[in-house]
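Protein chains get the first letters and strands the later ones, always in sequence-line order, with residue 1 at the start of each. What's counted below: heavy atoms across the whole structure, side chains too, no hydrogens, waters or symmetry copies.
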Protein chains: 2
Amino acid sequence: MRLTTKGRYAVTAMLDLALSHERGPIRLAAISDRQGISLSYLEQLFAQLRRSELVSSVRGPGGGYRLGREAAAISVAQVIAAVNEDTDATRCGGAGDCQEGETCLTHHLWMDLSDQIHAFLGDISLNDLVARNEIKMISEQQQQRVAARADGDNQIQVTPV
Amino acid sequence: MRLTTKGRYAVTAMLDLALSHERGPIRLAAISDRQGISLSYLEQLFAQLRRSELVSSVRGPGGGYRLGREAAAISVAQVIAAVNEDTDATRCGGAGDCQEGETCLTHHLWMDLSDQIHAFLGDISLNDLVARNEIKMISEQQQQRVAARADGDNQIQVTPV
DNA sequence: GTAATAGTTGACTAAAAAAGTAGGTTATAA
DNA sequence: TTATAACCTACTTTTTTAGTCAACTATTAC
């Protein structure tokens, strides 16, 4: 079982996509700015997300990424699984051959825990997250911060959305 | 968030203690044999478990480890916490300063997940595990295997308990 | 008192994974 | 035809895991 920055980044990036998907394809550079994730790292993650068909891409100028299907049909568990973070808590991957081919003493405990985590993460869709008030507020603050930063850096007036 | 062999070993070893605690202090070497965990590694884990007062030790011949308090009063969550596996799913440890001092987009999601895992693992005591039938059966098989191994290796007749 | 037992401690190591970097290639819209 | 942005591969650094090793101390039994 591991849940690290990688899985968290993937979910955060997907949520960013979900929040702004009506604005057409979203550039990874924009996600990088808003979420503070390195562009190169995002590229790696999105390669995996694409293979799992959770996103689709548009190349060239004006291009970027879209959600592969509606936000209500993408669960947090699917996003985490796509970047190879296994939410399985057992050592044996559920096979029960944890200790020299036999079942280890705590196998059933980890199975139960895995089920819990799966049930929890599998039941939350990106749409559910988009609807949450805390998330809406954080998203707005992030957009303002990015706009302010562009303003200060380049003296370019950014048109508010 | 991480749950690895370390935490699993700790819980397994503590459960082994709980299963045989009426036989007096248990040597780590015996746990090592039954559970297939390296003795040196067990020593490290038990040093941490001792600091958290989850076990007490008896030195010298006939010595070993005992549970620090009754099995019903030790939760799986406490054991895992004792060996430094944090069941916290956030990056910030719950502080909410995940992204350059601000709260990241998915902070609340990971907080909720942490709560779920904590609630689940905190509610299961070693005693609960001891009472489970699958675990009783696995424990018996392990004892038989160890006895058979000693028999074959040394031609020593082991007195059954 | 001496030997055996069993916990106690700390330093060290190999392997794996995570996290991030760097540099180039390809498709496409303007 | 040029700028853009996805795509891809290889590499590096850092952290963590999962151990090993060696020496030390307390206690019991003879």
Starting at [atom1] of [X] and ending at [atom2] of [N], how long is that distance when rounded to a whole Å?
X       : N      : atom1 : atom2 : value
B:Gln48 : C:dG7  : CD    : P     : 17 Å
A:Lys6  : D:dT15 : NZ    : C1'   : 15 Å
B:Leu45 : C:dT8  : CG    : C1'   : 14 Å
A:Tyr65 : C:dA27 : OH    : C1'   : 13 Å
A:Leu3  : C:dA18 : CG    : P     : 11 Å
A:Arg59 : C:dA29 : CZ    : P     : 12 Å

Below 4.0 angstrom from OP1 or OP2 of C:dG7, is there any side-chain N or O of B:Arg50?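 No, outside the criterion.
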Below 4.0 angstrom from OP1 or OP2 of D:dT16, is there any side-chain N or O of B:Thr4? no
Counting only side-chain heavy atoms from C-beta out, which of D:dC7, D:dT17, D:dA5 sits nearest to A:Arg27?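 Selected nucleotide: D:dA5.
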Base, sugar-phosphate, or nothing for B:Phe46, non-hydrogen atoms under 4.0 angstrom? nothing
Name the nucleic acid region contacted by B:Ile26, choosing base, sugar-phosphate or nothing; use a 4.0 angstrom heavy-atom cut-off, strictly under. sugar-phosphate
Is there any protein nitrogen or oxygen under 3.5 Å from a nitrogen or oxygen in nucleotides 19-23 of chain D, and what are the pairs?
from	atom 1	to	atom 2	distance (Å)
D:dG19	OP2	B:Tyr9	OH	3.1
D:dG19	N7	B:Gln44	NE2	3.2
D:dG19	O6	B:Gln44	NE2	3.4
D:dT20	OP2	B:Ser38	OG	3.1
D:dT20	O4	B:Gln44	NE2	2.7

Main chain of [Y], side chain of [X]: is a donor-acceptor contact present, judged purely on distance under 3.5 Å?
X        : Y        : value
B:Thr106 : B:Leu109 : no
B:Gln99  : A:Gln35  : yes
B:His21  : B:Ala18  : yes

Ignoring hydrogens and angles, state whether a donor on the side chain of B:Ser114 or B:Trp110 is under 3.5 Å from an acceptor on the partner side chain. no
When you check the side-chain N and O atoms of B:Ser125 and B:Asn127, is any donor under 3.5 Å from an acceptor?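 No.
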Identify, between A:Ala47 and A:Gly62, the residue whose nearest nucleotide on DNA chain D lies closer to the 5' end.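 Comparing both residues, the 5'-ward one is A:Gly62.
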Find which nucleotide of DNA chain D each of B:Val58 and A:Pro61 is nearest to by heavy atoms, and output the residue with the more 5' nucleotide. A:Pro61
On a heavy-atom basis, which atom in A:His107 and which in A:Cys98 lie closest, and how many Å separate them? ND1-SG, 3.3 Å
Between B:Met111 and A:Ile135, is there shared hydrophobic-cluster membership here, with clusters defined by ILVMFWY side-chain heavy atoms closer than 4.5 Å? no
